[in-house]
Amino acid sequence: MGPGGLGLALLLALAAPGAALQNVTAQLFGSEAYGTLAAFGDFNSDKQTDLFVLRGGNELIIFLADQKEPYFKPRVKLPMKSLGVTITSVVPGDYDGDSQMDVLLTTQAQSHGKDELSVFIFWGHNQTLDLNHKTMLNKTFHDEPLVMDFNGDLIPDVFGVTSDSNKPQVFLGGNLSSHATLETPSRMYIPHSHAFIDLNNDFTADLFLTTSPDSKTIQFETWVNKDGNFSKAGNTKEMPSGVKVVGQSVFADFEDVI
C-alpha cells in the first residue's frame, strides 16, 4: 500500500480444482500498485482495457495496457490539485463524437457543501489529456449524475438534478446544452440508484429512477423509451414495508446464470 489511497491488488484464480489464489499485483503494476481504481476503458483505442486510477483524491492516472511486465503502466496523468477540488467519480466516454475517448470527472470543491458537485469533461486528443483542454458544465449537481444516451445519437449525455431546480435535466453530448426533462412530481432520491437499462424486453434502454416524495420514503419509477421519447410506465412502486435501506439498488440477471 502506497501514498494517496488504497492499494491496487489483483488475485488470479487458477483453473485447477482446489488451487489457491495467486497474487499477480507485481506483474501487473510493478512499483505503481497504489491508488483507488475508479473506472475501466480503452483510452488509446488499442482494443485492450485500460485502468483509471485516483491518487490523493485530486489526481487521475490512466494505466495503459502493455504486452510486457508490468502489464499496466501509468502513461497519462491529470493532476487537479491546483483547482482545489476532490475527484468523486470518473466516467470515460466519447462526449463529442470524435472517436477519441474523453473523461468526465465529478468533483467537490473544498469551499462547497457535499451536495454541490461540479462536472468537468476533459477532451481526449491524440491519446492524452490536458488540464487546460476541458469543459466545465455551467451548473452544479445535487448528486452524482447518470451518464446515458438520452436522445439515441450514440453520444453519452449527462442526466441529473442541478442546483437550480428540483427536476431532472439532461446535458446533451456534443454541445452540452441543458434541457429540462421528465415531468415527475417527485424529487430524486439521494444517493440515487438510477439505471439506463431495458426493462420491457424491446431491446431499447429505458430509464429506472429512484425518487422520494419526502425524506423518509423511497419510490421507483419506470420511464419507457419509445423512439427516443421517455414516458412513465405504470404506477410508481413504493419500497416494501418493513425493510431497511443499507445500500443502493442494482440490477442483475438471476435466472440465466452461467
So Q219 and T236, side chain to side chain donor-acceptor pair (under 3.5 Å) or not? Walk me through it.
CA-CA 7 Å; Q219 296 179 337; T236 299; 4.7 Å; no
Apply side-chain contact (heavy atoms from CB on, under 4.5 Å) to the pair R55 and E32, showing each step before the final yes or no.
CA-CA 11 Å; R55 287 181 179 171; E32 297 287 340; 2.9 Å; yes
Using the side-chain contact (heavy atoms from CB on, under 4.5 Å) rule, take I61 and K77 through it: C-alpha gap first, then chi angles, then the decisive distance, then the call.
CA-CA 5 Å; I61 313 291; K77 298 184 179 182; 3.5 Å; yes
Test D149 against L154 for side-chain contact (heavy atoms from CB on, under 4.5 Å), laying out the working first.
CA-CA 6 Å; D149 184 8; L154 303 182; 4.1 Å; yes
Can you list the steps and then say if H194 with M188 is a side-chain contact (heavy atoms from CB on, under 4.5 Å)?
CA-CA 9 Å; H194 305 333; M188 299 298 106; 3.7 Å; yes
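Contact record, A180 with Q169: CA-CG, 4.2 Å, taken as the closest heavy-atom pair. Across every non-hydrogen atom of A26 and P70, the tightest pair is O-CB, 4.3 Å. Residues T25 and A33 come closest through the heavy atom pair CG2-CB, 3.6 Å. V147 and P156 make their closest contact through CG1-CB, 3.7 Å (heavy atoms, listed as atom of the first residue, atom of the second, distance). When every heavy atom of V103 is checked against every heavy atom of V90, the shortest pair comes out as CG1-CG1, 3.8 Å. In terms of heavy atoms, F159 sits closest to L209 at CE2-CD2, 3.9 Å.
Looking only at side-chain heavy atoms (C-beta outward), Y71 and V24 stay at 4.5 Å or farther from each other. L83 places a side-chain heavy atom less than 4.5 Å from the side chain of L131. Side-chain contact check for R75 versus D66: some heavy-atom pair is nearer than 4.5 Å. Contact check for L78 versus L105: side-chain heavy atoms found under the 4.5 Å cut-off. Put simply, the side chain of V119 reaches to within 4.5 Å of the side chain of L104, judged on heavy atoms. Considering only heavy atoms from C-beta on, L60 stays 4.5 Å or farther from F122 through its side chain. Contact of the V85 side chain with the S118 side chain is not registered, since no non-hydrogen atoms from C-beta on lie closer than 4.5 Å. Counting heavy atoms from C-beta on, the side chains of T184 and E221 come closer than 4.5 Å.
In this structure, H125 places its NE2 atom where only 12 or fewer heavy-atom neighbours from other residues, nucleotides or ligands lie under 6.0 Å away. Counting heavy atoms of neighbouring residues, nucleotides and ligands inside a 6.0 Å radius, atom CG of D164 exceeds 12 of them.
Using modelled atom types, no side-chain atom of K237 and backbone atom of T222 make a donor-acceptor pair closer than 3.5 Å. A donor-acceptor pair under 3.5 Å links the side-chain atoms of D198 to the main chain of N200, judged by distance alone. At least one donor-acceptor pair closer than 3.5 Å links the side chain of T210 to the backbone N or O of S193. Using modelled atom types, no side-chain atom of N151 and backbone atom of L172 make a donor-acceptor pair closer than 3.5 Å. Distance alone, capped at 3.5 Å, places no donor-acceptor pair between the R187 side chain and the N166 backbone. The backbone N or O of N225 lies less than 3.5 Å from a partner atom in the side chain of D206, making a donor-acceptor pair. The backbone N or O of A65 lies less than 3.5 Å from a partner atom in the side chain of D50, making a donor-acceptor pair.
Under a hydrophobic-cluster definition in which Ile, Leu, Val, Met, Phe, Trp and Tyr are linked whenever side-chain heavy atoms come within less than 4.5 Å, directly or via other members, F150 and L137 are assigned to different clusters. Under a hydrophobic-cluster definition in which Ile, Leu, Val, Met, Phe, Trp and Tyr are linked whenever side-chain heavy atoms come within less than 4.5 Å, directly or via other members, L199 and Y189 are assigned to the same cluster. Residues M148 and W223 share a single hydrophobic cluster, defined by chaining ILVMFWY side chains whose heavy atoms lie under 4.5 Å apart. With hydrophobic clusters built from ILVMFWY side chains whose heavy atoms lie under 4.5 angstrom apart, M80 shares a cluster with L129. The hydrophobic cluster containing F196 does not contain V91, counting ILVMFWY residues as joined when their side-chain heavy atoms lie under 4.5 angstrom apart, directly or transitively.
Atom CD1 in I87 sits 8.5 Å away from atom OG1 in T106 (nearest 0.5 Å). In this structure, S177 OG and D157 CG are separated by 9.0 Å, a value rounded to the nearest 0.5 Å. Distance check, rounded to the nearest 0.5 Å: NZ of K73 to CG of L28 gives 10.5 Å. For the atom pair E238 CD and I218 CD1, the distance stands at 11.0 Å (nearest 0.5 Å). N44 CG to N126 CG: the interatomic distance, rounded to the nearest 0.5 Å, is 12.0 Å. Here the CD atom belonging to Q127 is positioned 7.5 Å from the CD atom belonging to Q100, to the nearest 0.5 angstrom.
Aromatic rings of F171 and F141 (six-membered ring for Trp) have centroids within the 6.0 Å cut-off, being under it.
In summary, the side chains of T88 and E144 do present a donor paired with an acceptor at a separation below 3.5 Å, with no hydrogens or angles considered.
For the ring-ring contact (aromatic ring centres under 6.0 Å, His included) test, residues two or more places apart in sequence or in another chain that qualify with F208 are F220, F251. With sequence neighbours excluded, the residues satisfying side chain to side chain contact (heavy atoms under 4.5 Å, CB included) with P79 are E59.
Only one option out of T128, D102, D94, D98 pairs with W123 in a side chain to side chain contact (heavy atoms under 4.5 Å, CB included); it is D102.
For residues 40-61, the set of pairs meeting the ring pair (Phe, Tyr, Trp, His ring centres under 6.0 Å) definition, not counting sequence neighbours, is empty.
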